[in-house]
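Let me begin by presenting the structure, written as structure tokens, before commenting on it.
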Amino acid sequence: MKNIEIIRLESVDSTNDYLKQLVKDTALNNTVVIANNQTKGKGTKGRSFISLEGGLYMSILVHPKTTDFDATMLTSMTAVAVSETIDQISGEKTKIKWVNDIYLNEKKVCGILCEMGYDSLNKPFVVVGIGVNLFKPKNDFPPEIKDIATYVFSKENKDIKSEFEKVLLKKFFLLSEQLNQKTFLPVYRQKNLVLGKQINVIASSSTRQAVALDIDECCRLLVEYPDKSQEYLSSGEVQIK
């Protein structure tokens with residue numbers, strides 16, 4: 001695994017925001033921020049990400065090697081790294097919901113958010129944010145997510161958390177070195193929850209019913225609508241019916 005600098009924080013507003021500001025002020029490479037708590041965790045589409053005690057909140061700095069870098073690919077690759085890590089450490093079998101959510105026993109256990117920017121040398125960068133409900137929260141999940149969220153382990157354990165971090169970072173950097181070869185893609189397809197399912201494709205102003213048919217070489221989701229028209233989705237939100 002690469003030599004990486006790990007910055008550990010007890011609490012922060014958002015590991016993504018912290019790392020983005022850091023890299024804008026200072027030229028950094030292979031930097032990871034890990035926090036035990038977030039006060040303003042970020043989800044997709046500007047939503048908040050509820051960050052409870054017992055979670056693992058991590059942001060990883062990536063410098064794209066090509067000008068045609070595709071954040072969807074990196075997001076999908078990260079989902080494989082997290083899913084495989086949970087499986088390895090816990091002995092459970094997780095699934096991935098396109099694009100970026102990890103599910104355990106039909107409930108969400110992890111979310112991923114990639115954000116792009118430019119560093120102090122005007123080089124493009126991506127911050128990959130990962131939020132895992134690693135341990136059962138002391139006060140349970142709040143009502144708004146209680147029925148849809150779960151955790152990996154019922155009891156907090158520092159050794160498990162340390163091992164989880166180590167395995168996840170090893171898998172992440174190994175897969176990222178092979179990103180252009182798409183070595184993660186067969187696992188991403190095999191683990192995906194949506195393929196063959198009736199789904200809702202949720203846009204800003206509408207929701208359309210569709211069937212999820214395939215995931216292509218660029219991790220786009222091929223869907224078919226009731227009128228038999230088809231579309232490749234490169235981003236967005238889908239909901240299994």
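Bear in mind that the values here come from a model prediction, so they are computed numbers and not experimental data.
- Smallest separation of non-hydrogen atoms from Ser59 and Val127: CB-CG1, 3.8 Å.
- For Glu156, there are no salt bridge (Lys or Arg N to Asp or Glu O under 4.0 Å) partners, not counting sequence neighbours.
- Listed by chain and residue number, Gln178 satisfy the side-chain contact (heavy atoms from CB on, under 4.5 Å) test with Leu174 (two or more places apart in sequence, or in another chain).
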Can you give each donor-acceptor pair under 3.5 Å made by side-chain atoms of residues 90-99, sequence neighbours left out, with the distance rounded to 0.1 Å?
{"from": "Ser90", "atom 1": "OG", "to": "Ile86", "atom 2": "O", "distance (Å)": "2.5"}
{"from": "Ser90", "atom 1": "OG", "to": "Glu92", "atom 2": "N", "distance (Å)": "3.0"}
{"from": "Thr94", "atom 1": "OG1", "to": "Ser83", "atom 2": "O", "distance (Å)": "3.1"}
{"from": "Thr94", "atom 1": "OG1", "to": "Ser83", "atom 2": "OG", "distance (Å)": "2.5"}
{"from": "Thr94", "atom 1": "OG1", "to": "Asp87", "atom 2": "OD1", "distance (Å)": "2.8"}
{"from": "Lys97", "atom 1": "NZ", "to": "Val238", "atom 2": "O", "distance (Å)": "2.8"}
{"from": "Trp98", "atom 1": "NE1", "to": "Cys219", "atom 2": "O", "distance (Å)": "2.9"}

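- With sequence neighbours excluded, the residues satisfying salt bridge (Lys or Arg N to Asp or Glu O under 4.0 Å) with Lys146 are Asp140.
- For Ala210, the side-chain contact (heavy atoms from CB on, under 4.5 Å) partners two or more places apart in sequence, or in a different chain, are Ile199, Val201, Val223, Tyr225.
- In this view, Glu10 and Asn36 satisfy the side chain to side chain donor-acceptor pair (under 3.5 Å) rule, not counting sequence neighbours.
- Every residue meeting the side-chain contact (heavy atoms from CB on, under 4.5 Å) condition with Asp159, not counting sequence neighbours, appears here in chain and number order: Asn157.
- Lys138 pairs by the salt bridge (Lys or Arg N to Asp or Glu O under 4.0 Å) definition with Glu53, not counting sequence neighbours.
- Among pairs with a residue in residues 123-133, none fulfils salt bridge (Lys or Arg N to Asp or Glu O under 4.0 Å), at least two apart in sequence or across chains.
- Remark: Glu217 pairs with Arg189 by the salt bridge (Lys or Arg N to Asp or Glu O under 4.0 Å) rule, at least two apart or across chains.
- Between Phe141 and Tyr151, the ring planes are parallel. Angles under 30° get that label, and only those over 60° would be called perpendicular.
- In this structure, Asn200 contributes its side chain and Ile202 its backbone to no donor-acceptor pair below 3.5 Å.
- At distances below 3.5 Å, not a single donor-acceptor pair connects side-chain atoms of Asp119 with backbone N or O atoms of Val23.
- Sorted by first and then second residue, the salt bridge (Lys or Arg N to Asp or Glu O under 4.0 Å) pairs with a member in residues 218-235 read Asp216-Arg220, Glu224-Lys228; sequence neighbours excluded.
- Contacts of Ser11 classified as side-chain contact (heavy atoms from CB on, under 4.5 Å), with partners at least two apart in sequence or in another chain: Asn37, Thr39.
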